[in-house]
Structures are given as structure tokens and as C-alpha cells.
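All remarks here apply to the structure that follows.
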Amino acid sequence: FTLFCRHSGNNLVDVETFCKINVDEAPKSVKNVHVMAVAASAPHRAVVEHMVRQAVYSRLGKPLPRTASAPNPLVVNISARHCHLTPEAVEALFGKGHQLQVHKWLYQDGQFAAKETVTLIGPRSRVISNLRILGPCRSLNQVELAYTDAIALGFEIPLRASGNIKGTPGGMLMGPAGFFEMPDGVIRALRHAHLSPTDADFYGVKHGDMMKLKIGGECSIVLDKMLCRVDPSFKLEVHIDTDEGNACNLQPDTPVDLIK
């Protein structure tokens with residue numbers, strides 16, 4: 001967010017830059033730290049910036065803007081092509097009894113990018129290799145592609161909310177231990193926002209509502225029809241795909257806002 005306020009001397013101060021500089025510079029003053037020992041418990045950068053931002057406004061005696069007064073920071077992540085698999089599909093692709101291994105923990109608690117990847121074979125016998133599996137396993141098999149991916153493979157995929165796969169095209173997955181044929185489940189996922197009930201109250205929405213995501217910067221756009229998914233376990237996070245992220249050149253410091 002681009003936040004400005006004035007000191008009593010009428011000098012314009014970019015508060016957001018101040019927040020980011022403090023977050024960036026703080027680790028440089030710490031020497032001989034065993035990073036791996038603290039990485040697992042370190043808060044997300046967006047959380048730290050949100051806290052610093054609130055502290056700066058409080059120190060300056062200035063009213064908080066809407067985004068800074070939110071109960072939680074807004075995180076927007078680009079969701080690259082990936083798949084969700086059932087335990088049965090994992091065993092068919094990687095061998096009996098195989099369990100997904102954590103490669104990287106994601107922003108939502110308990111969700112992770114697995115070390116395992118598969119190859120997706122399209123209708124034109126074109127393939128996408130190293131398709132990442134997201135864990136833990138689910139009760140259905142689903143592949144999520146951007147339209148650019150689908151065109152390259154020869155798929156005609158519908159835009160669907162995650163989990164709504166009835167009547168969608170299927171595909172063939174290949175792993176190191178074998179193949180798994182999906183009768184359906186290949187979609188472009190509808191862009192969506194994860195909200196806790198507290199976040200939903202702040203933005204004035206409920207589960208299933210639609211919002212807009214305003215993205216600033218040199219390639220500023222407004223993304224309409226942002227599906228709200230509300231659950232007590234959720235952290236405030238928006239997922240857009242690679243086509244959408246590239247269209248607006250989304251960067252870590254790009255200003256964003258959710259609009260009802």
C-alpha cells in the first residue's frame with residue numbers, strides 16, 4: 001500500500017516505505033544467527049509489515065487508513081498450475097503406501113507444496129512435466145491450469161470454483177510408478193479470497209459472496225468476481241493464477257485492496 005502522512009514540519013513521509021525499510025534492514029543488524037533454527041516460527045513478511053504500519057501510525061498520532069485498520073494483512077499470491085490428489089491416485093503414481101513429502105509450507109495452515117511432481121498428458125499428446133502436487137491429499141482429484149496452459153495442452157477447460165468438477169474434462173497423469181487416468185477434474189480455478197469470519201465481518205461479506213481485487217502499479221487492473229471462501233481456519237489470502245498475475249505484473253510491493 002502507498003501510505004503517506006505529514007510530520008508537523010510538513011515534510012511528506014512515505015510511511016509504507018518506512019515500514020518496508022525497517023523490515024528489510026532489521027535482519028542485517030543481527031549477526032551469527034542460525035537461520036534454520038528460527039525459520040519455522042518466523043511470521044510472514046506481510047504480518048510484520050502490518051504490525052509495523054500500525055505502530056508507525058500510532059506513534060505519529062495519525063488515523064489508520066482502511067487497509068491498515070484491517071484485523072489481518074491482505075496477502076495476494078499467484079497460484080501456478082498444480083494438482084490435488086486422493087491417496088489412491090498418489091499410490092498409483094508413486095507406489096503402494098507412498099505418502100506425500102513436504103517441499104514447502106504454504107500460507108494457509110497445514111497446506112504444503114509436495115516434493116512430488118507428475119506429468120500431465122493433454123488431448124494432443126502434449127505434456128506438462130513437473131506439475132506440482134499440493135498436500136495434504138483430498139477426497140477428489142483436480143488439476144488447476146491457467147488458460148495459457150490449457151491452450152498449449154489442447155484442453156478446453158471451464159472456469160470453476162475448486163471442488164466443482166462435474167462435467168469437466170479429464171486427463172492422464174504419469175508418475176514414476178505408473179499412470180492415473182482422471183475422468184474429470186481439469187479446470188481453471190475461479191479466483192478467490194480466503195477469509196476468516198473476522199475478516200469477512202470487516203469487509204462486510206459472507207461465504208459465497210463476490211468481491212473485487214484492486215491491483216495498483218504501472219499495470220493496474222481491477223479483478224471482478226472474486227469468490228469469498230470463509231472458514232475459521234483461513235488466513236486472509238487471495239489466489240489468482242499466472243495469467244492474471246502476469247497481466248498486472250504483480251510484485252511483492254504492488255498495492256492491493258479488496259473491495260466489496
Side-chain angles (χ1 to χ4, degrees), residues 34-42 44 75 77-192 194 229 231 233-235 237 239-243 245:
H34 297 288
V35 177
M36 292 302 294
V38 298
S41 60
H44 191 275
V75 174
N77 280 321
I78 298 175
S79 182
R81 58 188 181 233
H82 62 273
C83 63
H84 303 279
L85 298 178
T86 62
E88 293 76 19
V90 170
E91 288 194 344
L93 293 163
F94 296 93
K96 186 173 179 59
H98 187 88
Q99 300 287 319
L100 295 178
Q101 303 298 306
V102 177
H103 170 66
K104 180 182 179 181
W105 290 104
L106 304 178
Y107 188 61
Q108 298 297 322
D109 290 338
Q111 304 297 306
F112 61 90
K115 292 181 180 179
E116 293 84 354
T117 62
V118 295
T119 297
L120 172 64
I121 305 172
R124 298 176 183 171
S125 296
R126 297 176 181 175
V127 303
I128 286 181
S129 58
N130 298 319
L131 181 69
R132 185 71 61 183
I133 303 172
L134 299 190
C137 287
R138 295 193 178 182
S139 59
L140 55 78
N141 298 297
Q142 179 174 290
V143 172
E144 299 180 25
L145 303 174
Y147 280 144
T148 301
D149 300 322
I151 292 170
L153 288 172
F155 282 111
E156 292 186 11
I157 58 174
L159 181 65
R160 294 286 185 89
S162 180
N164 180 14
I165 61 173
K166 184 178 180 180
T168 59
M172 180 71 73
L173 299 177
M174 181 176 67
F179 293 85
F180 182 81
E181 185 173 3
M182 297 172 52
D184 52 21
V186 182
I187 66 169
R188 181 187 184 182
L190 183 65
R191 49 183 173 258
H192 56 276
H194 296 265
R229 300 175 60 188
D231 188 272
S233 67
F234 286 163
K235 295 179 181 178
E237 181 187 23
H239 284 164
I240 60 178
D241 70 15
T242 49
D243 285 350

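In what follows, every heavy atom counts, from backbone to side chain, and hydrogens, waters and symmetry copies are set aside. Counting begins at 1 with the first residue of the sequence.
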To the nearest 0.5 Å, how far apart are [atom1] in [X] and [atom2] in [Y]?
X    : Y    : atom1 : atom2 : result
S79  : H192 : OG    : NE2   : 7.0 Å
L100 : F94  : CG    : CZ    : 7.5 Å
M174 : F180 : CE    : CZ    : 15.5 Å
I128 : L153 : CD1   : CG    : 4.0 Å
T168 : R188 : OG1   : CZ    : 15.5 Å
E91  : K96  : CD    : NZ    : 5.0 Å

- Could you give me the CA-CA distance, side-chain angles and deciding distance for M182 and Q142, then say whether side chain to side chain contact (heavy atoms under 4.5 Å, CB included) is met? CA-CA 8 Å; M182 297 172 52; Q142 179 174 290; 5.5 Å; no
Write down the atom of [X], the atom of [Y], and the distance for their closest heavy-atom approach.
X    : Y    : value
A150 : I157 : CB-CD1, 3.5 Å
P123 : G154 : CG-O, 3.5 Å
V143 : C83  : CG2-CB, 3.9 Å
F234 : Q108 : CA-OE1, 3.4 Å
L140 : G163 : CD2-O, 3.8 Å
P136 : G110 : CD-O, 3.4 Å

- For E144 and H82, indicate whether the former's side chain and the latter's backbone hold a donor-acceptor pair under 3.5 Å.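 Pair absent, no side-chain N/O of E144 close to backbone of H82.
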- Does R160 use its side chain to pair, donor to acceptor, with the backbone of K166 at less than 3.5 Å?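 Checked: pair present.
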- Item | side chain to side chain donor-acceptor pair (under 3.5 Å): pairs with one or both residues in residues 119-140, sequence neighbours excluded |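 Counting only pairs at least two positions apart or across chains, the side chain to side chain donor-acceptor pair (under 3.5 Å) contacts touching residues 119-140 are H84-R138.
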- Classify the side-chain pair H103/Q101 by whether it contains a donor and acceptor separated by less than 3.5 Å.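 No, because no side-chain N or O of H103 sits under 3.5 Å from a partner of the opposite role on Q101.
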- Message: With heavy-atom distances below 4.5 Å as the criterion, would you say the side chains of L134 and Q111 are in contact?
- Response: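 L134 vs Q111: side chains apart.
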- Message: Between T242 and R81, is there a side-chain heavy-atom distance shorter than 4.5 Å?
- Response: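 With C-beta onward as the side chain, the pair stays apart.
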- Message: Given L173, which partner from the list V118, I133, N141 fulfils the side chain to side chain contact (heavy atoms under 4.5 Å, CB included) test?
- Response: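 For L173, the side chain to side chain contact (heavy atoms under 4.5 Å, CB included) test succeeds with only one of V118, I133, N141, which is V118.
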- Please step through side chain to side chain contact (heavy atoms under 4.5 Å, CB included) for the pair F155 and D149, ending with a clear verdict. CA-CA 9 Å; F155 282 111; D149 300 322; over 6 Å; no
